[in-house]
Amino acid sequence: MKFFSRAAAVCASVLALGGVLVPAADAATPSTYGDFSMMFKQSAGQFKPSDGSAFQWTWAPKSATESWVAWGDPKTWPPAGSEHFLRAGDWVLLDGWSGNGTYYSQRVTSESSCDGAGANCAAIPSDGGRQHYVRWNVPTSNYRLKAVGTITEQSSGKVIDFSHTQTWGAPHACHNARHPAQTCITQSEAWADNNGLPTGSPIRETLRRDIQIAAGLGVAFTIDQQVPSPWHAEGTDYWMWT
């Protein structure tokens with residue numbers, strides 16, 4: 001997930017949280033990305049660095065196959081946009097995101113799936129050009145996804161070139177300062193684009209980080225960013241909203 005860097009547009013939600021907040025539940029035997037991310041639950045959480053303010057995320061499912069995730073500052077909630085994900089069989093697809101008063105559609109021109117070391121790659125057949133973001137059924141071994149394509153700002157027609165490489169780690173034991181003895185998957189990602197540069201400029205890396213996602217809790221369990229600068233944060237609070 002790109003909560004402060006996807007082409008300078010992501011940061012998140014058109015939704016205001018309402019109703020009663022109840023604690024998030026643990027996942028008994030996690031086997032799907034939904035069990036880890038909580039993307040089809042009305043789930044929310046906060047994460048923060050040791051020396052800074054908290055950030056917040058919220059999933060808002062629209063159906064059994066569509067959900068939007070919001071990222072932002074809880075003190076000024078709701079933010080102005082959200083990322084749009086779809087489930088299609090054994091894949092979670094990224095369609096794009098809203099922000100800055102418009103929608104950014106993301107479409108791939110090539111995609112491949114490889115083993116965890118980046119070898120034995122095979123092309124992924126297109127599904128309307130949407131990015132194959134993560135496998136729904138969590139594999140027992142690491143795998144890597146490589147995507148290249150374009151982002152189109154719908155309000156202006158501006159086109160941004162991007163590449164996105166993700167290595168997804170198999171389930172493993174994990175913990176942070178607030179939540180011991182959890183089960184996580186890890187997303188190690190590198191993002192590059194030419195946003196803010198003249199059209200046709202070479203892309204350059206703007207984000208590289210490792211994120212742990214905890215079963216039954218959700219995203220941003222731990223975040224270790226390397227680019228654009230070293231940064232570490234951990235999940236503090238998780239809940240369900242109604």
Side-chain angles (χ1 to χ4, degrees), residues 1-6 10-28 30-62 66-85 87 92 94 97-99 133-134 136 138 166 168-169 171-189 207 209-225 231-242:
M1 318 249 167
K2 298 256 185 257
F3 45 86
F4 26 84
S5 176
R6 196 183 302 273
V10 176
C11 172
S13 176
V14 293
L15 299 168
L17 295 183
V20 178
L21 301 181
V22 296
D26 290 334
S31 62
T32 70
Y33 180 70
D35 295 331
F36 287 89
S37 67
M38 306 291 283
M39 70 175 292
F40 288 115
K41 303 288 186 181
Q42 292 183 163
S43 58
Q46 291 188 357
F47 58 100
K48 68 184 297 294
S50 60
D51 57 352
S53 300
F55 296 91
Q56 183 164 299
W57 59 268
T58 304
W59 279 108
K62 301 300 183 182
E66 178 186 13
S67 193
W68 295 70
V69 65
W71 303 88
D73 183 343
K75 296 189 295 293
T76 57
W77 202 266
S82 55
E83 291 181 284
H84 185 199
F85 289 91
R87 182 189 168 194
V92 174
L94 175 60
W97 62 92
S98 60
Y133 188 83
V134 63
W136 178 253
V138 176
Q166 306 178 87
W168 288 94
H172 59 275
C174 59
H175 68 277
N176 68 19
R178 290 277 192 98
H179 303 278
Q182 305 297 318
T183 301
C184 289
I185 55 175
T186 300
Q187 177 198 31
S188 298
E189 64 175 342
L207 182 68
R209 65 186 175 190
D210 305 306
I211 300 174
Q212 291 192 108
I213 304 171
L217 294 178
V219 297
F221 185 70
T222 64
I223 302 169
D224 287 284
Q225 177 180 282
W231 189 80
H232 174 79
E234 296 189 358
T236 56
D237 300 289
Y238 297 86
W239 65 89
M240 306 296 290
W241 62 274
T242 60

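Residue numbers run from 1 in the order of the sequence given.
- For Asp224, the side chain to side chain donor-acceptor pair (under 3.5 Å) partners two or more places apart in sequence, or in a different chain, are His232.
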Take His84 and Trp97 through the test ring pair (Phe, Tyr, Trp, His ring centres under 6.0 Å) and record every step on the way to the result. CA-CA 5 Å; His84 185 199; Trp97 62 92; over 10 Å; no
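- In this model, a donor atom of one side chain and an acceptor atom of the other lie less than 3.5 Å apart for Asp210 and Ser188.
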Between Trp239 and Ser43, is a side chain to side chain contact (heavy atoms under 4.5 Å, CB included) present by the stated rule, with each step listed? CA-CA 6 Å; Trp239 65 89; Ser43 58; over 6 Å; no
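- Side-chain contact annotation: Glu189 with Gln166, donor-acceptor N/O pair under 3.5 Å absent.
- In this structure, Ile211 and Thr186 have side chains that are not in contact, with every pair of non-hydrogen atoms separated by 4.5 Å or more.
- Note that the CG atom of Asn176 and the OG1 atom of Thr222 stand 7.0 Å from one another [nearest 0.5 Å].
- Take His175 and apply the side chain to side chain contact (heavy atoms under 4.5 Å, CB included) test, not counting sequence neighbours, and it matches no residue.
- Counting all heavy atoms, side chain and backbone alike, Phe221 lies closest to Cys184 at CD2-SG, 3.6 Å.
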Taking it one step at a time, do Trp68 and Lys62 satisfy side chain to side chain contact (heavy atoms under 4.5 Å, CB included)? CA-CA 8 Å; Trp68 295 70; Lys62 301 300 183 182; 3.7 Å; yes
Verify side chain to side chain contact (heavy atoms under 4.5 Å, CB included) between Met39 and Val69, making sure each step is shown before the conclusion. CA-CA 8 Å; Met39 70 175 292; Val69 65; over 6 Å; no
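- Contact check for Pro171 versus Val138: side-chain heavy atoms found under the 4.5 Å cut-off.
- Asp73 places no side-chain N or O within donor-acceptor distance of the main-chain N or O of Phe55, the cut-off being under 3.5 Å.
- Partners of Pro61 under the side chain to side chain contact (heavy atoms under 4.5 Å, CB included) rule, at least two apart in sequence or in another chain, are Phe40, Gln42, Ser67.
- Screening residues 48-58 for salt bridge (charged side-chain N to carboxylate O under 4.0 Å, His left out) gives no qualifying pairs among residues at least two apart or on separate chains.
- Thr32 is linked by a side chain to side chain donor-acceptor pair (under 3.5 Å) to Asp35, counting only residues two or more places apart in sequence or in another chain.
- Between the Thr183 side chain and the Ala173 main chain, no donor and acceptor come within less than 3.5 Å of each other.
- Looking at every heavy atom in both residues, Trp59 comes nearest to Met38 through CD1-O, 3.6 Å.
- For the pair Gln56 and Phe47, the tightest heavy-atom approach, listed with the atom from each and the gap, is N-CE2, 4.4 Å.
- With no hydrogens or angles considered, no side-chain donor-acceptor pair links Tyr133 and Glu83 at under 3.5 Å.
- Scored by the side chain to side chain contact (heavy atoms under 4.5 Å, CB included) test, Val134 finds Tyr33, Val92, Tyr143, Trp168 as partners (sequence neighbours excluded).
- Listed here is the closest heavy atom pair of Trp71 and Val219: CH2-CG2, 3.4 Å.
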Any chance you could lay out the side chain to side chain contact (heavy atoms under 4.5 Å, CB included) test for Asp237 and Arg178, step after step, and finish with the verdict? CA-CA 8 Å; Asp237 300 289; Arg178 290 277 192 98; 3.5 Å; yes
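- Under a 3.5 Å cut-off, the side chain of Trp231 and the backbone N or O of Pro49 do not form any donor-acceptor pair.
- Heavy atoms only, all atoms of each residue included: Ala215 and Gln182 are closest at O-OE1, 4.2 Å.
- Taking the six-membered ring where the residue is Trp, His179 and Tyr238 present perpendicular rings, their angle passing 60° and hence far from 30°.
- Heavy-atom minimum distance, Ala44 versus Thr58: CB-OG1, 4.0 Å.
- Distance CD1/Ile185 to CZ/Phe36: 5.5 Å, rounded to 0.5 Å.
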